[in-house]
Amino acid sequence: MPLFWFDSETHLIKPGLAAPKLVCISTCSESGKTGLFDRASGLQLVQRVLEDKSVIICGHQVFYDLGVCCAEDPAVFVPLVFKAFDDFRIRDTIIRQQLIDIAQGNLKYRFDEETQTYVKTGYTLADLVLRLLGRVLPKEDTWRLKYALLDGVPIKDWPADAKKYAVDDAVATREVFLKQVELAGGDVSVGGVIPTEERAVRDAWSLWLMSAWGVRTDGEAVAKLKAELEAEQAEAVEKLKDTGIIKQNRDGSWSRNMKEIYRRVEAGYVAQGMTPPMTDSGRVSTEYEALVDCKDEGLAVLADAAGGAKLLNTFVPMLEGGTVKPINSRFNCLVETNRTSSSNPNLQTLPRKGSARNAFVPRKGMVFCSCDYDTIELRALAQSCLDLVGQSAMAEALRAGEDLHLNLAADFMGISREEAAKRYTDGDSEVADQRQMMKPANFGFPGGMASDSFVEYAKGYGYVIDRGLAKRIHEQWYRAWPEMRAYFQLVSNIVGKAGEGTVVSPRSGFVRGGLTFTQLSNHYFQSLTATGAKDALWHVTHACYAEPDSALWGSRPVIFMHDEIFTEMPEEKSSDAAQLQAKIMIDVMSGWIPDIPIKASPVLMRRWYKGAKPVYVNDKLVPSKPVEEGGKVKWVADL
DNA sequence: TGGGCGTGCGCG
DNA sequence: AAAGCGCGCACGCCCA
């Protein structure tokens, strides 16, 4: 298949405008022949190339360029672009390099031969040209950010360096691509495929579209949240301003005085005859627990105010932006585990407590659909055990429809699993509490956690236990899931004496290197979950954008949170759309985790509510809203 | 004044 | 024998 490289120059990206107007298209053929085309002829050319099923299309952050074309003429380009992804005809030099680097454990930092030091790994075109080709791609003082000035000017009248810069990028992308084929030991004649890249680019396209569509917030809710948080902070400042714990800046704002905080934490522990907790680098810890446990009145106030301060400073400005223009979080397709990340702003870490999530609202005429997988990482773990060690009690329990936390609680209480199940459904609070206490066991131990660390980990779930109890729970956990001994043995063998290993995931083919024992323990189930969830996102996105007959047509994914797809749906078809989304998610994940039942159920909302429960009226899924009833939250139809 | 770094914490 | 992971972000300190 012939390869074709292209790059676009555009007007600038602005908040709320992820795909700005096109100025020109530059191209490079497999033989190295270059071209430079104005907007109209460039679009025609890209269209022809997309239509030609014999061509593989490559770019550096190619999703941006494809998105720009789609924005120029959606009716023509959206179906063509999806078809090209369907046919695995798109390649991206960033994705390729990231996959190569993850396989070698070099994604974030790598050893630089020239300087003999570890350096941060970069992925701009200039970074890759320098690293792979050993030459400098001029980026400074070029036309890069100024192509809007040439919009409408015939290319024959462009300054020579403006033409050169545009073409150079396409040429450099080709050279980088070919070098990558070499690095990966591949064959250019079959497209130079790097393991899992063909799916990765589809995933990345889904995530790019999600970024570009963006998500809105509601002005009233944001203003209310901001006012509450500001009042709370002012109150804390009033209490702390004369203690030395905080100090006033020139502009009147207040900052923590770390020296005084360190001093007080230490003094507080010493006064109780204890040694203060330390950080890894030997400094006195100032985490929440330390601030509370040192029994210093002022630090207790500080500890309480910290959450609100973070909410106010990190999230409120972002939420305010969303009342004016869509929030275009950047979703990154690949981190070391094959999971995704989100930045500017990070929508994957919005606090569950507080009201930040409640500020998000769907666009007019739309409702939100949230659908997440039920205990998916444990299901992925069970599948991994079947694949790697040939058996899994966890898999059997899941196939029998049992509750993994409840099973563990029953074992621990010395009662039968049947009895525990009955008492739990009857609302027995002792069983419910024991079950709750087993959650950290099921979530922490698979990653290779030791029972001593479990004491701290359980604290986060609200359980204060001693080392002896932690050890007993750990042993109980091993008895419940005996395959985990073989699992850790296998992990240990792979990591070996060197303390570092490389693995190819059995189902996805994803390659990751430089793994330590605990990293690998987590890696198998985390990467398998990520593979399935991203693949599900691609199929949901496909239905939304490229399948006019689908119930999902016209819906738009807006946030992806590892095991959850959050979507905007036209209200009139939202019941069918939501149920189709859930079906796609289950079907796709079942392809990756075929031996374990997969569960996911959708819920509709007119605002982002945490923990929302689905509400059905006459078999139709309708938007849910919470109502307080005698101190309990009940979910009712929001019509 | 600005970048680098350590710390702590949000989420899954 | 021993072993939670991995993101992004803000703050405050340090050093140039």
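Here is how names work: the chains are called A, B, and so on, in the same order as the sequence lines, proteins then strands, and each is numbered from 1.
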Below 6.0 angstrom between ring centroids: does that apply to A:Phe63 and A:Trp208?
-> no
How would you label the contact of A:Gly448 with the nucleic acid (heavy atoms, under 4.0 Å): base, sugar-phosphate, or nothing?
-> base
Looking only at N and O atoms, is any donor in the side chain of A:Arg339 or the base of B:dG12 less than 3.5 Å from an acceptor on the other one?
-> yes
Under 6.0 Å from the NZ atom of A:Lys610, do we count more than 12 heavy atoms belonging to anything else shown?
-> yes
Which nucleotide sits closest to the side chain of A:Arg512: C:dG12, B:dG8, C:dG6?
-> C:dG6
Between A:Tyr524 and A:Asp387, do the side chains contain an N or O donor and an N or O acceptor separated by less than 3.5 Å?
-> no
Counting any heavy atom closer than 4.0 Å, what does A:Leu350 reach on the DNA or RNA strands: base, sugar-phosphate only, or nothing?
-> sugar-phosphate
According to a strict under-4.0 Å criterion, is A:Gln519 in side-chain N/O contact with OP1 or OP2 of C:dG4?
-> no
The nucleotide from C:dG8, C:dG12, B:dG10 with an atom nearest the side chain of A:Met258 is C:dG12
What about A:Gln526, does its side chain sit under 3.5 Å from the base of C:dC5 through a donor-acceptor pair?
-> yes
Base, sugar-phosphate alone, or nothing: which one does A:Arg357 contact when heavy atoms must sit under 4.0 Å apart?
-> sugar-phosphate
A:Asn257 side chain, from C-beta outward: closest of C:dC11, C:dC13, C:dG4 | C:dC13
Counting only N and O atoms by type, is there a donor-acceptor contact under 3.5 Å from the side chain of A:Lys534 to the main-chain atoms of A:Arg202?
-> no
Please work out if A:Ser521 contacts a base, only the sugar-phosphate, or nothing of the nucleic acid, heavy-atom cut-off 4.0 Å.
-> nothing
With a 4.0 Å cut-off on heavy atoms, is A:Ser285 in touch with a base, just the backbone sugar-phosphate, or nothing at all?
-> sugar-phosphate
Residue met sooner reading DNA chain C from 5', once A:Leu107 and A:Trp254 are mapped to nucleotides = A:Leu107
Of B:dG8, C:dC7, C:dA3, the nucleotide closest to the side chain of A:Lys108 is C:dC7
Quick one: sort the A:Tyr478 and A:His474 rings into parallel, tilted or perpendicular, breaks at 30° and 60°.
-> parallel
Selection from C:dG4, C:dG6, C:dA10 that lies nearest to any side-chain heavy atom of A:Val335 | C:dG6
Is there a donor and acceptor pair, one atom on the side chain of A:Tyr457 and one on the base of C:dG4, closer than 3.5 Å?
-> yes
Among B:dG6, B:dG10, C:dA3, find the nucleotide with the atom closest to the side chain of A:Phe517.
-> C:dA3
Side-chain N or O of A:Ser453 closer than 4.0 Å to phosphate OP1/OP2 of C:dG4 = yes
State whether A:Lys459 and A:Glu456 are salt-bridged, where the test is any N-O pair (Lys NZ or Arg NE/NH1/NH2 against Asp/Glu carboxylate O) under 4.0 Å.
-> yes
Can you find a donor-acceptor N/O pair under 3.5 angstrom joining the side chain of A:Asn522 to the base of C:dG4?
-> yes
Report the nucleotide, chosen from B:dG12, C:dA2, C:dA10, that has the shortest atom-to-atom distance to any side-chain atom of A:Asn313.
-> C:dA10
NA contact type, A:Lys247, heavy-atom cut-off 4.0 Å: base, sugar-phosphate, or nothing?
-> sugar-phosphate
Can you tell me how far CD of A:Glu297 sits from CG of A:Leu302, rounded to the nearest 0.5 angstrom?
-> 13.5 Å
Look at the side chain of A:Lys310 and decide which nucleotide, out of B:dG6, C:dC9, B:dG12, has an atom nearest to it.
-> C:dC9
Report the distance from atom CZ of A:Arg485 to atom C1' of C:dA1, rounded to the nearest whole Å.
-> 14 Å
Touch class at under 4.0 angstrom, heavy-atom based, for A:Asn344 against every strand present = sugar-phosphate
What integer number of Å spans the C1' atoms of C:dA3 and B:dG10?
-> 25 Å
A:Leu528 has an atom CG; how far is it from atom C1' of B:dG12, in whole Å?
-> 16 Å
When we call it a touch if two heavy atoms are under 4.0 Å apart, what does A:Thr340 touch: a base, just sugar-phosphate, or nothing?
-> nothing
Does A:Arg352 place a side-chain N or O at less than 4.0 Å from the phosphate oxygens OP1/OP2 of B:dG12?
-> yes
Between B:dG8, B:dG12, C:dC9, which nucleotide gets closest to the side-chain atoms of A:Thr279?
-> B:dG8
Under 3.5 Å on both distances, the Watson-Crick or G-U partner of C:dC13 = B:dG4
Distance test, side-chain N/O of A:Thr314 to OP1/OP2 of C:dA10, below 4.0 Å | no
Which listed nucleotide (C:dC5, B:dC9, C:dA10) is nearest to the side chain of A:Thr518?
-> C:dC5
